[in-house]
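Encoded as structure tokens, the structure appears first; notes follow it.
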Amino acid sequence: MSGLEIDADSTAVLITDPQIDFLKPESVVWGKVGETVEENAVVDKIRHLRDAAREGDVRVFYSPHEYENAEYESWEHLNAIDQIMFDTRMFDVAGDGADFVPELEPDDNTFVLSPHKQLSGFWSNDVQIQLRQRGIDTLVLAEMSANLCVESHLRDAVENGFEVLTVTDATAVAGEEALQAALTNYGFIAHETAETDDVVERLAAAK
């Protein structure tokens, strides 16, 4: 399969959940995801992708995850991952877990989307309208977590007519088995998969 064209006018880097509760040891679920976050050097790779996007005049979008106290107390129809997040109060806006990690604080090339409440922002935040209004039809997708929010954003982006390059080594998940399942699905669903070093070079050369 030939590689997607990364054009600065029509391409964006979409980063899901670059937040403390996925990427730092103080995370409430670090015992589940920390090993692969560190093995894959996810924070460093996302930083390299973001910096390369700036160099190439490619816009960066963050799709964060957040919950309010009222949601923890009132939601009644929780699936398995919802239950884990609610039991641990993951991405609680009243604490630090929903904050962006310091290395990935948004800059003036970063647009922060409204928080998504389910796995895909295409259903529960403004990702699609914000991309479409800016003439974006191609996405470089990465970050957390591989088999949940990344894969869900990937599926819905493709179903809604976007072309997607998924960065396979700039992500992590709760366990190697789940990571391999996600990578297998990326190969079937994405228009292209590639590793960080290759994508960084292409982003920087986009302008």
Side-chain angles (χ1 to χ4, degrees), residues 1-7 10-19 21-23 29 32-50 52-53 56 58-65 79-81 84-85 104 113 116 118-125 127-128 131 136-204 206:
M1 180 185 298
S2 60
L4 290 181
E5 179 183 0
I6 296 180
D7 176 83
S10 59
T11 301
V13 176
L14 178 60
I15 305 299
T16 60
D17 303 344
Q19 294 159 273
D21 264 347
F22 261 145
L23 296 174
V29 294
K32 298 180 183 296
V33 302
E35 184 176 355
T36 52
V37 168
E38 292 184 333
E39 284 179 354
N40 290 354
V42 174
V43 173
D44 284 343
K45 287 174 180 173
I46 296 300
R47 183 170 51 81
H48 291 322
L49 289 166
R50 187 194 62 179
V58 175
R59 288 160 287 185
V60 176
F61 289 74
Y62 284 176
S63 182
H65 216 131
N79 61 24
I81 188 59
I84 291 170
M85 290 193 292
L104 300 175
L113 299 162
H116 61 97
Q118 294 292 311
L119 300 180
S120 171
F122 283 83
W123 289 103
S124 59
N125 77 354
V127 56
Q128 180 158 207
L131 295 171
I136 292 165
D137 56 29
T138 301
L139 301 176
V140 174
L141 176 64
E143 227 255 268
M144 294 294 286
S145 73
N147 66 326
L148 297 171
C149 294
V150 176
E151 186 171 326
S152 294
H153 280 76
L154 167 61
R155 288 177 183 273
D156 285 343
V158 170
E159 294 284 357
N160 282 283
F162 292 88
E163 293 193 322
V164 185
L165 186 168
T166 306
V167 187
T168 55
D169 63 338
T171 189
V173 71
E176 185 63 26
E177 191 172 292
L179 179 59
Q180 291 307 313
L183 296 178
T184 297
N185 288 338
Y186 295 170
F188 284 112
I189 301 167
H191 296 85
E192 183 186 356
T193 59
E195 294 190 346
T196 301
D197 288 346
D198 173 48
V199 179
V200 161
E201 185 175 335
R202 292 160 63 185
L203 285 170

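What's counted below: heavy atoms across the whole structure, side chains too, no hydrogens, waters or symmetry copies. These figures come from a predicted structure and were not determined experimentally.
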Heavy-atom donor-acceptor pair, [X] side chain to [Y] backbone, under 3.5 Å:
X	Y	answer
E195	V167	no
S120	D156	no
N40	V42	no

- Can you list the steps and then say if V150 with M144 is a side-chain contact (heavy atoms from CB on, under 4.5 Å)? CA-CA 6 Å; V150 176; M144 294 294 286; 5.5 Å; no
If you measure from [atom1] on [X] to [atom2] on [Y], what distance do you get to the nearest 0.5 Å?
X	Y	atom1	atom2	value
I46	T196	CD1	OG1	7.0 Å
D137	L131	CG	CG	10.0 Å
H65	C149	NE2	SG	5.5 Å
S145	I81	OG	CD1	6.5 Å
F122	E159	CZ	CD	11.0 Å
L165	Y186	CG	OH	12.0 Å

- Could you give me the CA-CA distance, side-chain angles and deciding distance for L14 and Y62, then say whether side-chain contact (heavy atoms from CB on, under 4.5 Å) is met? CA-CA 6 Å; L14 178 60; Y62 284 176; over 6 Å; no
Side chains of [X] and [Y]: does their closest heavy-atom pair fall under 4.5 Å?
X	Y	answer
V13	R59	no
V33	L23	no
R50	I15	no
D7	T138	no

- Out of T171, T16, N185, which one pairs with E151 under the side-chain hydrogen bond (donor to acceptor under 3.5 Å, both in side chains) rule? N185
- For L49 and L203, run side-chain contact (heavy atoms from CB on, under 4.5 Å): C-alpha distance rounded to whole Å, both residues' side-chain angles, the deciding distance at 0.1 Å, then the answer. CA-CA 8 Å; L49 289 166; L203 285 170; 4.0 Å; yes
- Message: One pair to check against side-chain contact (heavy atoms from CB on, under 4.5 Å): V199 and V140. What are the steps and the verdict?
- Response: CA-CA 8 Å; V199 179; V140 174; 3.7 Å; yes
- Item | Polar side chain donor-acceptor pair, D17 to S63, under 3.5 angstrom | no
For [X], look at atom [atom1] and say whether over 12 heavy atoms of other residues, nucleotides or ligands are found less than 6.0 Å away.
X	atom1	answer
D197	CG	no
E201	CD	no
Q180	CD	yes
E35	CD	no

- Message: Check R202 with E192, please: is the shortest side-chain N to carboxylate O separation under 4.0 Å?
- Response: yes
- Query: What is the ring orientation for H116 with H153, classed by angle as parallel under 30°, tilted 30 to 60°, or perpendicular over 60°?
  - Reply: perpendicular
- Quick one: closest heavy-atom pair of N147 and V173, and the distance? OD1-CG2, 2.6 Å
